[in-house]
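Structure record follows, encoded as structure tokens.
Each ligand, and each atom within it, is numbered from 1 in the order the structure gives.
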Amino acid sequence: MFELSKSHFTAACRYIPGGVNSPVRAFNGVGGTPIFIDHAHGAYLIDVDGNRYIDYVGSWGPMIAGHSHPSVMSALHAQLAKGVSFGAPTVVETALAAKVCALIPGIEKVRMVSSGTEAAMSAIRLARGITKRDRIVKFEGCYHGHADSLLVKAGSGALTLGIPTSPGVPVELAKLTLTVEYNEIDQVAQVFREFGSEIAAVIVEPIAGNMNCVLPVPGFLEGLREITARHGSLLIFDEVMTGFRVHRHSAQGLYNITPDITVLGKIIGGGLPVGAFAGPARFMDAIAPLGSVYQAGTLSGNPLAMVSGLATLELVSRPGFYDELAARTTELASGLLAAANAAGIALVVNHVCGMLGLFFTTSPRVMRFSEVSACGIKRFQRFFHAMLKRGVYLAPSAFEAGFVSGAHTDADVERTIAAAAEAFHEIGSD
Ligand code: KE4
């Protein structure tokens, strides 16, 4: 079933560290050999061995309109005929920035970059430049890309001075990142009582998608907004994953909270390399060349990424898109939960429009990183492979959310639930 993928992986390991260009793709989170994809269309991936999968990874979020959507491909072909990169302004950059501003009311200006990491890193620098403060606050289990200040976890000690999560991150830099528990607003208040006048920003995933899918408890985001405003710190919403996925106005529209800076990526490039940081002009005009906070990029605003993102945002802007996506996500979540329970398996399914997370646990809910970490990882690994061999491609990690697209049909959802019913029985009850 996976013969060619295995031989391709052997070859890849000769030339690429771990055989992949991003660690999660290596299947270390689930074991086994990663499958090599040959092509994709709609909700489906086809691997090099000819196996077809219903895809719930969607390139980790960008493919909300489905793979190879005709509108996106047509826009790309038209731009390709004109050239791929000029290193000079193009009207499509203005068009995408204007579209983002039109869709997210709190945003007046947008700076395009080439990845979510670059966008989050730049947003942190902007916040530090504006406030002239050095400390930042992040949350255990949230991921904002691999910039040094963000590869930090809670240290020991009462106020969680950060320690690096990776070699190569300077300890002195990590100390400037304070890490607290997601959904614990009292911990945020405590950190601000101690360091408030030194904190440049709080960066948060308004819906956490990097400890699998964890939703904000009522009052958490509102509390962040109030505390940061009171202390003159900036609130950064990292919407790289949630941007234009969970609501037409992103998570900030879903929860009606306006951050100071928004970090975007994935969907706004429709699968091409992109990131962006955005916000009111009073903040964004501090960025070079208008302001003194430096940020730059050779391929920032690349025309191919811009037209791909524009075509994707046009597709999700169609009336009813999010209602249908939310309904299909709920249908999938409910069906998976029912199938697990019928097989005697304790499961929690967190979900919101377009994204969901499965947790093998007897706990009634999963709302923070410590609860995610206590869930059954090995059982998830067995479930992943039981689904893969039945033609369903889940995220190859118990700590990653799953993504539904506008291309997934009711029949795809029904097939997924039927495969899960068999898979749950295969892995056995608790
Ligand atoms: P990139 O640098 O990978 O484009 O974006 C980093 C990033 C920033 N913020 C959030 C909320 C993100 O989810 C990400 C990247 N997401 C992961 C998946 N959880 C990308 C997959 C990968 O690392 O290969």
Quick check: Gly116 and ligand 1, any N/O pair under 3.5 Å apart?
yes

Ranked by distance from atom 21 (C) of ligand 1, the top protein heavy atom is Trp60 CG, 3.7 Å

field: Salt-bridge criterion met for Arg133 and Glu198 (N-O under 4.0 Å)
entry: no

In ligand 1, the atoms that come under 4.0 Å of a heavy atom of Glu205 are 11 (C)

Check: Side-chain contact, heavy-atom cut-off 4.5 Å: Glu108 with Met284?
Finding: no

**Message:** With the threshold set strictly below 4.0 angstrom, can you tell me whether any protein non-hydrogen atom sits that near atom 4 (O) of ligand 1?
**Reply:** yes

Query raised in the report: Asn212 and Glu400: side-chain donor and acceptor closer than 3.5 Å?
Result: no

Ligand 1 to Ser115, heavy atom cutoff 4.0 Å, flagged ligand atoms 2 (O), 4 (O)

What one should report as the nearest heavy-atom pair of Ser317 and Arg248 is O-NH1, 3.8 Å

| With a 4.5 Å limit on heavy-atom distance, are the side chains of Val263 and His144 in contact? | no

Side-chain donor-acceptor pair under 3.5 Å between Tyr56 and Ser405, yes or no?
no

**Request:** Side-chain contact test, heavy atoms from C-beta onward, threshold under 4.5 Å: evaluate it for Ile207 versus Val214 and give yes or no.
**Result:** no

Q) Hey, what's the ring geometry for Phe27 with His385, parallel, tilted or perpendicular (30° and 60° as the breaks)? A) perpendicular

With heavy atoms and a 4.0 Å threshold, my read on which part of Val240 contacts ligand 1 is side chain

Counting from 1 in the order shown, the ligand 1 atoms closer than 4.0 Å to a non-hydrogen atom of Val24 are 22 (C), 24 (O)

among protein heavy atoms, the one nearest atom 9 (N) of ligand 1 is Asp238 OD2, 2.7 Å

for atom 10 (C) of ligand 1, nearest protein heavy atom and its distance come out as Tyr143 O, 3.3 Å

message: Pairs of nitrogen or oxygen atoms closer than 3.5 Å, one from His144 and one from ligand 1: do any exist?
response: no

among protein heavy atoms, the one nearest atom 16 (N) of ligand 1 is Lys266 NZ, 3.1 Å

Flag the pair Asp134 and Arg128 as a salt bridge only when some basic side-chain nitrogen lies within less than 4.0 angstrom of an acidic carboxylate oxygen. no

So the atoms of ligand 1 within less than 4.0 Å of a heavy atom of Met241 turn out to be 13 (O), 19 (N)

When distances are taken from atom 18 (C) of ligand 1, the protein heavy atom at minimum range is Glu400 OE1, 3.5 Å

| query | Quick one: does Glu118's side chain have a donor or acceptor within less than 3.5 Å of a partner on Gly275's backbone? | reply | no

heavy-atom search around atom 13 (O) of ligand 1 in the protein gives Asn210 ND2, 3.0 Å

If you scan protein heavy atoms around atom 24 (O) of ligand 1, the nearest is Ser22 OG, 2.6 Å

For atom 7 (C) of ligand 1, the closest protein heavy atom turns out to be Gly145 N, 3.8 Å

